> 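Pasting a structure here, questions to come.
Not measured: the values here are computed from a predicted model.
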Amino acid sequence: MTEPFGARLRRAMDERGPLCVGIDPHASLLTEWGLNDDVAGLERFSRTVVEALSDRVAVFKPQSAFFERFGSRGVAVLEKTVQEARAAGALVLMDAKRGDIGSTMAAYAEAFLRKDSPLFSDALTVSPYLGYGSLSPAVVLARESGAGLFVLALTSNPEGGEVQHAVRADGRNVGATMLAHLAAENTGEEPLGSFGAVVGATLGDLSSYDLDINGPLLAPGVGAQGATPADLPGVFGAAIRNVVPNVSRGVLRHGPDVSALRASAERFAGEIRAALPTG
């Protein structure tokens with residue numbers, strides 16, 4: 001029986017620290033690395049990041065869009081990147097933010113969560129804004145495959161508030177509703193549930209929300225977006241131990257030098273460890 005994602009993530013975070021590094025081959029980053037904005041540059045970029053960091057970070061988060069923009073050849077690079085990262089011992093969270101209904105949602109889930117898929121990842125980001133129940137095919141397949149989901153709940157982009165802060169008839173806003181759904185999914189799971197939330201590290205005090213969902217909290221926004229590891233306890237409070245801080249450009253801009261990539265990742269990891277409560 002496949003060990004659930006939450007258990008594998010808890011172990012990886014305890015052993016390596018919780019840092020998640022994005023694999024985001026922006027055209028501008030490829031240029032900064034001295035690479036062409038083409039499939040060869042994409043492959044060189046992705047392989048360098050994996051080779052530099054796969055033995056020291058808990059999670060890689062490739063952004064699917066930056067591979068898809070090159071068509072089938074870019075997706076082939078994404079497949080190889082996922083497989084090489086997982087073979088090297090890192091967990092892979094596919095940042096694809098899929099969301100749809102019925103058979104279409106099931107097809108998205110099969111692409112990333114079916115164990116024999118070339119794009120099989122340890123977890124997938126999903127959008128619940130066709131209703132949380134629309135994610136059911138992904139939830140079911142994730143459980144079967146031992147994979148996880150990260151559901152958009154309280155995102156760091158300013159536009160997100162018009163949906164996530166909207167108040168329902170029961171007085172609870174939409175973001176809080178998503179957190180409650182995830183807490184229900186993770187009930188009784190040990191040492192950590194497999195169904196996480198995306199909660200921006202740039203949002204400030206979130207004490208009005210119950211972030212104790214017994215699952216991981218992916219925290220984008222550290223680094224280039226302005227949040228620092230020292231901000232994390234003030235944002236996440238008692239849920240800090242389950243936070244997975246994501247850094248992308250803050251690390252990636254130091255490439256293609258492998259030593260510089262490693263030094264940057266280690267600096268962020270050290271600052272995150274220093275921010276976590278002891279004991």
> Could you tell me whether a side-chain N or O of N186 sits under 3.5 Å from a main-chain N or O of F195, the two making a donor and an acceptor?
yes
> Rounded at 0.5 Å granularity, tell me how far CH2 in W33 sits from CG in D257.
9.5 Å
> What closest approach, in Å, do I240 and P233 show between heavy atoms, and which atom pair accounts for it?
CD1-N, 3.9 Å
> With a 4.5 Å cut-off on side-chain heavy-atom distances among I, L, V, M, F, W and Y, is there a chain of contacts connecting F66 to L93?
no
> Minimum heavy-atom separation for A96 and L124, please, with both atom names.
CB-CD1, 3.8 Å
> With a 3.5 Å distance limit and no angle check, can you tell me whether Q83 reaches the backbone of P118 through a side-chain donor-acceptor pair?
yes
> Let me check something: do L276 and V235 share a hydrophobic cluster, defined by ILVMFWY side-chain heavy atoms less than 4.5 Å apart, either directly or through other members?
yes
> Between G250 and S264, which heavy-atom pair has the shortest distance, and what is it?
O-OG, 3.2 Å
> May I ask you to test the L53-V251 pair for a side-chain heavy-atom distance under 4.5 Å?
yes
> With rounding to the nearest 0.5 Å, note down the distance linking CG in L78 to CG in L42.
8.5 Å
> Is it true that R73 and E43 have a side-chain N and a carboxylate O under 4.0 angstrom from each other?
no
> Would you mind reporting whether V59 and D122 have side-chain heavy atoms less than 4.5 Å apart?
no
> For I101, I'd like to know if atom CD1 has over 12 heavy atoms of other residues, nucleotides or ligands within 6.0 Å.
no
> side-chain contact (heavy atoms from CB on, under 4.5 Å) with L179: which of L206, L154, V151, D212?
L154
> Mark yes or no for whether S117, through its side chain, and A111, through its backbone, hold a donor-acceptor pair below 3.5 Å.
yes
> If you count every heavy atom of other residues, nucleotides or ligands that lies below 6.0 Å from R172 atom CZ, does the total exceed 12?
yes
> Closer than 4.0 angstrom, basic N to acidic O: yes or no for D37 and R69?
yes
> Check whether M178 and V163 end up in the same hydrophobic cluster, where Ile, Leu, Val, Met, Phe, Trp and Tyr are linked by side-chain heavy atoms less than 4.5 Å apart.
yes
> Is the count of non-hydrogen atoms from other residues, nucleotides or ligands lying under 6.0 Å from E190 atom CD greater than 12?
no
> Is R44 atom CZ crowded by more than 12 heavy atoms from other residues, nucleotides or ligands, each under 6.0 Å away?
no
> For side-chain contact (heavy atoms from CB on, under 4.5 Å), just list the numbers for Q63 and T125, CA-CA rounded to whole Å, side-chain angles, deciding distance to a tenth of an Å, and then say yes or no.
CA-CA 10 Å; Q63 170 47 257; T125 59; over 6 Å; no
> Would you confirm whether Y129, through its side chain, and L152, through its main-chain N or O, come within 3.5 Å as a donor-acceptor pair?
yes
> Would you indicate whether the side-chain heavy atoms of H26 and F45 approach each other to under 4.5 Å?
no
> Under a 4.5 Å side-chain heavy-atom rule over Ile, Leu, Val, Met, Phe, Trp and Tyr, are F120 and V75 clustered together?
no
> About how many Å separate CG of L203 and OG1 of T155, when rounded to the nearest 0.5 Å?
7.5 Å
> Do P229 and V222 have side chains that get closer than 4.5 Å, going by heavy atoms?
yes
> Under a single-linkage definition using a 4.5 Å side-chain heavy-atom cutoff for Ile, Leu, Val, Met, Phe, Trp and Tyr, are L130 and L141 assigned to the same hydrophobic cluster?
no
> Is it the case that the side chain of D231 and the backbone of T228 share a donor-acceptor pair, with hydrogens and angles ignored and the cut-off at 3.5 Å?
yes
> Any side-chain donor paired with an acceptor under 3.5 Å for E189 and S194?
no
> Quick check for you: to the nearest 0.5 Å, what is the distance between L119 atom CG and E110 atom CD?
13.0 Å
> Which heavy atom of L113 sits nearest to which heavy atom of S121, and what is that distance?
CD2-O, 4.3 Å
> Test I213 against every option in L182, N242, T187 by the side-chain contact (heavy atoms from CB on, under 4.5 Å) rule and name the one that passes.
L182
> So among E266, E51, E15, which one has a salt bridge (Lys or Arg N to Asp or Glu O under 4.0 Å) with R56?
E266
> What's the separation between atom CZ in R47 and atom CD1 in I23, rounded to the nearest 0.5 Å?
12.0 Å
> Search all heavy atoms of K61 against all heavy atoms of L218 and return the closest pair with its distance.
CD-CD2, 4.0 Å
> Side-chain contact test, heavy atoms from C-beta onward, threshold under 4.5 Å: evaluate it for R249 versus Q225 and give yes or no.
yes
> Would you name the heavy atoms of M13 and P18 that are closest together and state the gap between them?
CE-CB, 3.7 Å
> With rounding to the nearest 0.5 angstrom, report the OG to CZ distance, S46 to F60.
10.0 Å
> State whether the number of non-hydrogen atoms from other residues, nucleotides or ligands found under 6.0 Å of K80 atom NZ is greater than 12.
no
> Is there a donor-acceptor pair under 3.5 Å between the side chain of R16 and the backbone N or O of A58?
no
> Can you find a heavy atom in the side chain of M105 that is under 4.5 Å from one in the side chain of S134?
no
> Is the shortest heavy-atom distance from the side chain of T177 to the side chain of Y132 under 4.5 Å?
no
> For a 4.5 angstrom cut-off between non-hydrogen side-chain atoms, does D100 reach Y108?
yes
> Residues two or more places apart in sequence or in another chain: which of them pass ring-ring contact (aromatic ring centres under 6.0 Å, His included) with F67?
none
